[in-house]
Amino acid sequence: MRSVFLISSIFNVLRCLFLCLVTLLCLNSCELDLIGDSGGGDDPIPVYQTEILEIRMTPDTVAVNDTLLIECIIKDSLDTRFVFQWGLNEARIVPVNGRTDGSIIRWVASDIPDNDEARERIAIVAVDNGSIDSLKATKSFTIIVKRQGE
């Protein structure tokens with residue numbers, strides 16, 4: 001009787017291990033579908049939701065407490081699902097057409113500390129259409145800030 005119980009227990013453990021292995025293989029396959037297959041190489045090619053073509057800034061250099069118009073140009077510009085997440089101080093973002101998550105925003109330049117020689121602000125924008133089968137597109141850019149009267 002004890003040997004039957006032992007064989008049954010071993011069978012249950014093997015069945016659980018098999019199910020775990022199948023689950024892991026399925027998850028790995030789903031992850032490859034999300035990222036994209038590079039054709040046999042070790043580094044999969046990411047599949048992005050869109051391509052950021054350009055970041056336009058008007059003017060190209062902004063004075064402290066002045067407003068900069070920033071526009072993110074993407075490949076699929078007519079797709080209304082895209083949301084733009086701007087990596088800037090949100091308190092200084094001014095809505096355009098009532099939105100701060102659109103492709104165009106205004107940003108008010110903050111003061112430059114006395115010891116800050118660079119005068120450059122590094123910012124980033126992430127573009128996301130909510131799709132779970134691809135990655136959001138991101139791009140960093142540099143804003144040049146000058147003191148009033150420079």
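Contact of the K136 side chain with the Q85 side chain is registered, since non-hydrogen atoms from C-beta on lie closer than 4.5 Å. Side-chain contact between T67 and V62 is absent, with no heavy atoms from C-beta onward closer than 4.5 Å. With contacts defined as side-chain heavy-atom distances shorter than 4.5 Å, the pair V96/R106 qualifies. By the 4.5 Å heavy-atom criterion applied to side chains, I124 and T138 are counted as neighbours. Within the 4.5 Å cutoff, the side chain of K146 has no heavy atoms near those of the I144 side chain. A heavy-atom distance below 4.5 Å is found between the side chains of I143 and L68. Using a 4.5 Å heavy-atom threshold, the side chains of I70 and L88 count as touching. Residues R121 and W107 have side chains in contact (heavy-atom distance under 4.5 Å, counting atoms from C-beta outward).
With D79 contributing its side chain and R81 its backbone, the two residues share a donor-acceptor pair below 3.5 Å. At distances below 3.5 Å, not a single donor-acceptor pair connects side-chain atoms of W86 with backbone N or O atoms of A123. Between the side chain of Q49 and the backbone N or O of N129 there is at least one donor-acceptor pair closer than 3.5 Å.
Grouping the Ile, Leu, Val, Met, Phe, Trp and Tyr side chains by contacts below 4.5 angstrom, directly or via other members, places F84 with I55. Hydrophobic clustering (ILVMFWY, side-chain heavy atoms < 4.5 Å, transitive): I104 and I74 are in distinct clusters. V145 and V108 sit in two unconnected hydrophobic clusters of ILVMFWY residues. Membership requires side-chain heavy atoms under 4.5 Å apart, directly or through other members.
R99 CZ to I105 CD1: the interatomic distance, rounded to the nearest 0.5 Å, is 12.0 Å. Between the NZ atom of K75 and the CD1 atom of I73 there is a distance of 15.0 Å, given to the nearest 0.5 Å. Taken from CD1 in I122 to OG1 in T142, the straight-line distance is 3.5 Å, to the nearest 0.5 Å. To the nearest 0.5 angstrom, R56 atom CZ is 10.5 Å from S103 atom OG. Distance CG/L135 to CG/D128: 10.0 Å, rounded to 0.5 Å. In this structure, I93 CD1 and T100 OG1 are separated by 6.0 Å, a value rounded to the nearest 0.5 Å.
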### Query
Going through the distances and angles, do I52 and V127 end up as a side-chain contact (heavy atoms from CB on, under 4.5 Å)?
CA-CA 8 Å; I52 297 175; V127 183; 3.8 Å; yes
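Atom CD of E90 is surrounded by 12 or fewer heavy atoms from other residues, nucleotides or ligands within 6.0 Å.
Contact record, A63 with A109: O-CB, 3.5 Å, taken as the closest heavy-atom pair.
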